[in-house]
Amino acid sequence: MVKRIEAAEGLELERLDSCRWRLPRQGRMQVDGLIFANDALIEDIRDTEAVRQVANVACLPGVVGRSIGMPDIHWGFGFPIGGVAAFDPDQGGVISPGGVGYDINCGVRLLRTPLQAEDLGAHLPRLMDRLFERIPAGMGRGYGDTLLRNRDMRRLLREGAAWAVEVGLGEPEDLARIEDRGCLPGADPEAVSDRAIQRGRDQVGTVGSGNHFIEIGCVDDVYDEAAARRLGLEAGTLTVMIHSGSRGLGHQVCDDFLVTMERITGRNGIELPDRQLACAPLSCSAARDYLGAMQAAANFAYVNRQAMTQQVRRVFAEVLGEEAHLELVYDVSHNIAKFERHRVDGEEREVCVHRKGATRAFPPGHPELPEDLRGLGQPVLLPGDMTRYSYVLLGTQGAYAETFGSCAHGAGRRLSRRQAKRAAEGRDLDAELAEAGIEVRASSRQTVAEELAEAYKDVSDVVDVVAHAGIGRRVARLRPLGVLKG
DNA sequence: ATGTAC
């Protein structure tokens with residue numbers, strides 16, 4: 001007997017197995033929805049706008065396969081955060097800025113040190129102080145008067161991380177460990193507005209606010225010894241995770257193109273269940289312009305994470321000595337649209353995959369992977385909340401077959417920011433975090449309140465689901481020691 | 001996520 005449960009108004013979810021729920025095609029939906037969740041997580045998801053958004057995305061022109069929700073899915077602008085959807089250019093498929101998100105190429109990178117966590121000893125507070133001094137964090141924060149020249153901005157937008165390495169903001173070996181080698185080649189700086197460029201000029205190498213962070217941690221548990229060794233992540237290894245995106249520049253690109261796309265949507269007579277799904281057929285010039293600008297903003301985000309990496313390296317060298325050298329394990333994008341080849345309805349096709357709050361998770365052997373990791377599969381990084389865990393996984397054949405080569409991207413919000421702030425009222429958050437053994441540096445109490453552990457689902461539950469569903473393979477768990485927030 | 005509305 002098929003188990004059905006009530007979802008958001010007018011929608012029902014049908015249980016497929018212990019970690020999959022089908023949202024059957026109805027109304028203007030052109031394909032089914034598919035949500036990955038276990039019995040506990042689906043209770044947090046089922047009656048939310050996120051389910052409605054999975055259905056809405058399934059209504060867009062040229063959508064193929066299924067509209068997918070990861071176990072960390074929650075409400076977002078137009079498309080859900082934790083959503084994946086692919087569009088076929090030959091079937092009127094579209095690109096939608098809301099399917100990428102305001103923070104274009106928000107993503108995470110993981111660095112490893114040759115040190116063990118115990119080597120850090122009493123240095124952690126000083127390390128955190130230096131990082132906090134050196135790296136601007138918080139809403140609107142940048143390097144102030146230190147502005148890149150417009151000419152450098154245009155090169156950076158076109159060339160991505162390779163530019164960063166050329167100007168001393170990285171090491172040549174870093175490039176192979178960044179998704180796309182840190183550069184989306186179609187980037188078109190001319191499609192990025194002057195205003196967006198101005199907003200980014202002093203923000204290269206900055207954390208931002210919200211869920212962005214720099215975290216010192218260590219490998220707390222290993223599930224696959226061989227894979228962990230290949231990634232340099234043996235138990236006790238001291239690590240650094242950097243989570244940030246394209247800051248004001250990407251935000252402005254999204255704003256600019258939402259205006260354009262709303263006009264295009266009207267002109268093409270595309271009927272949308274939600275205005276926030278504004279989009280344009282992939283064949284039209286506005287879509288090409290958005291893709292060029294989005295790719296440029298993505299390159300900005302890769303450079304941003306790369307520049308912070310170099311700052312972290314300087315601080316580690318100053319505090320712990322030159323031997324504390326940081327190597328890049330991998331850098332993944334969480335918010336991006338890309339053309340990729342996938343098997344759809346029994347046929348290989350080039351489709352535009354939108355991942356919004358989802359990680360690419362290519363399987364072993366995929367030609368896009370760096371040679372030395374190709375046999376392993378793509379590293380997938382899942383940061384959790386500030387006080388619990390983060391995970392390192394690997395992409396799988398299952399993900400390639402079922403989710404356009406995608407996996408979850410984190411814990412996923414459980415409380416809205418407003419609810420989280422309310423929950424934090426009257427509490428001594430610094431004392432609580434100190435009690436939890438986390439050395440926190442933050443520019444705003446409000447950010448810390450919004451980011452409390454209880455505002456998030458338990459990332460371990462998310463990882464259980466993706467591992468059980470076969471769309472990710474567990475390698476290691478990390479534990480936070482120190483966190484720098486906006 | 002975001003100079004949370006030029």
Side-chain angles (χ1 to χ4, degrees), chain A residues 49-50 53 72-83 96-108 136-148 192-204 206-214 242-259 262 275-276 278 290 293-294 296-298 300-302 304-305 308 332-337 354-359 383 385-386 409-413 415-422 442-451 455-456 484-486:
Chain A
E49 277 303 297
Q53 293 184 318
D72 51 340
I73 191 172
H74 54 111
W75 176 85
F77 182 92
F79 286 53
I81 296 162
S96 172
V100 172
Y102 269 94
D103 193 1
I104 295 166
N105 193 12
C106 180
V108 180
M139 167 74 75
R141 291 284 182 82
Y143 286 89
D145 292 341
T146 316
L147 299 176
L148 281 180
V192 179
S193 67
D194 289 340
R195 194 171 176 197
I197 289 176
Q198 291 315 313
R199 284 181 70 173
R201 277 178 73 197
D202 79 329
Q203 293 187 326
V204 174
T206 66
V207 177
S209 181
N211 60 359
H212 292 169
F213 62 77
I214 297 176
I242 298 174
H243 180 195
S244 187
S246 49
R247 309 290 330 290
L249 184 141
H251 189 277
Q252 189 63 47
V253 166
C254 184
D255 255 349
D256 292 342
F257 279 92
L258 279 168
V259 174
E262 278 214 18
R275 281 184 64 183
Q276 295 185 349
Y290 172 68
M294 179 208 73
F300 181 91
Y302 282 135
N304 185 30
R305 295 196 286 277
M308 278 188 277
V332 296
S333 173
H334 283 163
N335 283 7
I336 198 74
H354 291 54
R355 295 189 184 91
K356 180 184 188 183
T359 311
D385 61 74
M386 271 192 290
H409 87 307
R413 267 198 180 277
L415 302 181
S416 70
R417 293 181 186 205
R418 182 191 299 260
Q419 288 171 316
K421 270 183 281 191
R422 173 159 299 180
S443 60
S444 136
R445 184 195 187 272
Q446 180 176 304
T447 301
V448 176
E450 290 172 358
E451 292 293 310
Y456 284 91
L484 186 160
K485 295 287 294 181

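Order of the sequence lines sets the chain letters (A, B, ...), proteins ahead of strands, with each chain counted from 1.
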Asker: Can you work out whether Tyr102(A) or Gln446(A) has the more 5'-proximal nearest nucleotide on DNA chain B?
Answerer: Tyr102(A)
Asker: Run the side chain to side chain donor-acceptor pair (under 3.5 Å) test on Tyr290(A) and Asp256(A) for me, step by step, so that the C-alpha distance in whole Å, both residues' side-chain angles and the decisive distance to 0.1 Å come before the verdict.
Answerer: CA-CA 9 Å; Tyr290(A) 172 68; Asp256(A) 292 342; over 6 Å; no
Asker: Would you mind reading off the distance between Gln252(A) atom CD and dT4(B) atom P, rounded to a whole angstrom?
Answerer: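 Nearest whole value for this atom pair: 11 Å.
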Asker: Can you check whether Gly107(A)'s main-chain N or O pairs, donor with acceptor, with Ser333(A)'s side chain at less than 3.5 Å?
Answerer: no
Asker: Given atom CG of Leu258(A) and atom P of dA5(B), what is their separation to the nearest angstrom?
Answerer: 14 Å
Asker: Please give, in whole Å, the distance from dT2(B) C1' to Ile81(A) CD1?
Answerer: 13 Å
Asker: How long is the line joining NE2 of His212(A) and C1' of dT2(B), in whole Å?
Answerer: 10 Å
Asker: Starting at atom CE of Met139(A), determine the distance to atom P of dA5(B), rounded to an integer number of angstrom.
Answerer: 10 Å
Asker: State, without any angle test, whether Gln198(A) and Arg201(A) hold a side-chain donor-acceptor pair at a distance under 3.5 Å.
Answerer: yes
Asker: Describe the nucleic acid contact of Ser209(A) in one word from base, sugar-phosphate, nothing, applying a heavy-atom distance below 4.0 Å.
Answerer: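 Sugar-phosphate: the residue Ser209(A), judged by heavy atoms under 4.0 Å, touches backbone atoms but no base.
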Asker: Mind checking Gly248(A) for me? I need base, sugar-phosphate or nothing, with any heavy atom below 4.0 Å counting as a touch.
Answerer: sugar-phosphate
Asker: Just the rounded figure in Å: distance from P of dT4(B) to CG of Asp255(A).
Answerer: 10 Å
Asker: Nearest whole angstrom, please: distance from the P of dA5(B) to the CZ of Arg195(A).
Answerer: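 It is 13 Å, rounded to the nearest whole Å.
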Asker: Under 4.0 Å between any heavy atoms, over every strand shown, what does Gln198(A) touch: base, sugar-phosphate, or nothing? Just pick one.
Answerer: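 Contact class for Gln198(A): none.
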Asker: Name the nucleic acid region contacted by Arg417(A), choosing base, sugar-phosphate or nothing; use a 4.0 angstrom heavy-atom cut-off, strictly under.
Answerer: base
Asker: Among all residues two or more places apart in sequence or in another chain, which pass the side-chain hydrogen bond (donor to acceptor under 3.5 Å, both in side chains) test with Arg417(A)?
Answerer: none
Asker: Which whole-number value in Å describes the distance from Glu450(A) CD to dT2(B) P?
Answerer: 11 Å
Asker: Assign Gly210(A) to base, sugar-phosphate, or nothing according to its heavy-atom contacts below 4.0 angstrom with the strands shown.
Answerer: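 Contact class for Gly210(A): sugar-phosphate only.
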Asker: Could you list the residues that satisfy salt bridge (Lys or Arg N to Asp or Glu O under 4.0 Å) with Arg247(A), not counting sequence neighbours?
Answerer: none
